[in-house]
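Worksheet: one structure, shown below.
If you're wondering where the values come from, they're calculated on a predicted model, not measured in any experiment. Residue numbers begin at 1 in each chain, while the letters A, B, ... track the order of the sequences.
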Protein chains: 2
Amino acid sequence: MRSRRPGRPRHIQTPDTDLSARDQVLDAAARLFVRQGFAATSTREIADKVGIRQASLYYHFASGKDEILGELLQQSVRPTVDKVAQIEGMCPPEAPETALYVLMLLDVRTLASLPHNTGFLARLPEVTRSPAYEPYDKTRRGLEDAYERLGRQAVGSHVVVPGTTGEWLLNHAETVILMRRSGDRIGGAAEAAIAASGLRMCGASQDQIDTAARQAEQILPVT
Amino acid sequence: MRSRRPGRPRHIQTPDTDLSARDQVLDAAARLFVRQGFAATSTREIADKVGIRQASLYYHFASGKDEILGELLQQSVRPTVDKVAQIEGMCPPEAPETALYVLMLLDVRTLASLPHNTGFLARLPEVTRSPAYEPYDKTRRGLEDAYERLGRQAVGSHVVVPGTTGEWLLNHAETVILMRRSGDRIGGAAEAAIAASGLRMCGASQDQIDTAARQAEQILPVT
DNA sequence: GTCTATACTAGGATAGAC
DNA sequence: GTCTATCCTAGTATAGAC
């Protein structure tokens, strides 16, 4: 039981959280990146928020800002993607709308509960061009494919020309990011409304939507 | 008829366009801002693209980057807003879906044809926090209000809790920005599909959508 | 209207002490 | 593990010549 922290003590204070220093950096960076943008945020600013010196960041992230960014991006997709396979398995194939509804709801909920709305990071141009973006993008494409499959199976797929259904639906789910940004509280009602709108875009009737919503209730809490 | 341009000749070349130097700057800046972000774009880069020296920018825009940004933001909303009033007047009040459809189509078309997809600029965090953002935002809120009015009148407004219908619909229309960003060609079909999806989100039937689309054809080309 | 030259600031990164 | 000290680069902005 080591009561003392290793290394030289911090300039100002010992942290009041029980988060590791590394996680404190990630948290502070996330907040700043989302608020002001990645390029517009300096390493000094991040360090200040954490309560350490700028140079100390490089102990935890040897490659600086970009490495921090990469980690935050991964955290923003992993949780959803990890659950997609299960979902497709658990849904009755005779009601593809339910599977689509569940996928959207899961996606929306995940994005809605991400700390500091980090889902937004991937929309920044500086981020898109960063090398840290590539692994994130690969993962996200998997998600888009799932939307494409389920969207096609669901009802009429009125939504748009074939081939971009997945893109449309994923974009629609991700509007929750914009809603959080504009300050709206995202409650269960709003989450459900997004999922319902998605089905409506595919041409589902109100009956089908109600059914999907009911069935989803029994599937989602489980995961 | 003055055959010589005023002032000292440029470092490299006389421009091959007939655009004013000021407009050349705006054009180059727009392309760069959208591609890499506002904060990540330097005044040197802009000047390079135009073919002048960095310092020469300050002749046209005394306050630097922010002034350029402000002008680009204005250009991205004005055209739509200027036409909204006309539209609300021209549409038969007994078919509010048509008015909504027309508004969306107009909005989408404008965004789709903006040079360099400058509609995207307003989504950048650095931009949102810039003083240049405020006048743009004021204008945009007017648009949102129009969406709210028409959305409420249209069909069921299933879309979501009252008060945010305008926000939802405007966001939906603006997905065209994301589509352009992901490289999709935006044709008339895609434009119509977005408008139709918007009505569908409000609970419109396929019949109502078809009618709205037909009526819109006669209203829009006129403006 | 554009140039050259230059001053100034801010941000990223490294070395070595504690 | 964090500090101090410092270097270096890149970016903004101004002054005055052409």
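Considering only the side chain of B/Tyr58, D/dT12 comes nearest among D/dT12, C/dT2, C/dA13. Between D/dT12, D/dG1, D/dT4, one nucleotide has an atom nearer to the side chain of A/Pro6 than all others, and that is D/dG1. The side chain of A/Ser56 sits closest to D/dT2 out of D/dT2, D/dG11, C/dG12. When distances are taken from the side chain of B/Gln54 to each of C/dG12, D/dA13, D/dT2, the shortest belongs to D/dA13. The listed nucleotides are C/dC3, C/dA17, C/dT14; the one nearest the side chain of A/Ala55 is C/dT14.
The CZ-C1' distance, from B/Phe38 to D/dG11, rounds to 13 Å in whole Å. Rounded to whole angstrom, the span from the CZ atom of B/Arg44 across to the P atom of C/dC3 amounts to 13 Å. For B/Tyr59 and D/dA17, the OH to P distance is 18 Å, given to the nearest whole Å. Counting to the nearest Å, the P atom of C/dT2 and the CZ atom of B/Arg22 are 13 Å from each other. Taking atom CG on B/Asp66 and atom P on D/dT12, their separation rounds to 10 Å, with Å as the unit. Atom CG in A/Asp48 sits roughly 12 Å away from atom P in C/dG12 (whole-Å rounding). If you measure from atom CG of A/Leu69 to atom C1' of C/dG12, you get 16 Å, rounded to the nearest angstrom. Residue A/Ile12 contributes atom CD1, which lies 12 Å from atom C1' of D/dC3 at whole-angstrom precision.
At least one side-chain nitrogen or oxygen of A/Arg10 sits closer than 4.0 Å to the OP1 or OP2 atom of D/dT2. Between C/dG12 and A/Thr43, a contact under 4.0 Å exists linking OP1 or OP2 to a side-chain N or O.
Sparse packing is recorded around CD of A/Glu134, with 12 or fewer heavy atoms of other residues, nucleotides or ligands lying under 6.0 Å away.
B/Thr41 contributes a side-chain N or O that, together with a main-chain N or O of B/Gly37, makes up a donor-acceptor pair within less than 3.5 Å.
Within the nucleic acid shown, A/Arg53 comes within 4.0 Å of at least one base atom, counting heavy atoms only.
For the residue pair B/Glu167/A/Ser182, the side-chain donor-acceptor check at 3.5 Å is satisfied. A side-chain N or O of B/Glu45 and one of B/Gln36 form a donor-acceptor pair less than 3.5 Å apart.
Of the options A/Arg22, A/His116, A/Lys49, a side chain to side chain donor-acceptor pair (under 3.5 Å) to A/Asp27 is made by A/His116 and by none of the others.
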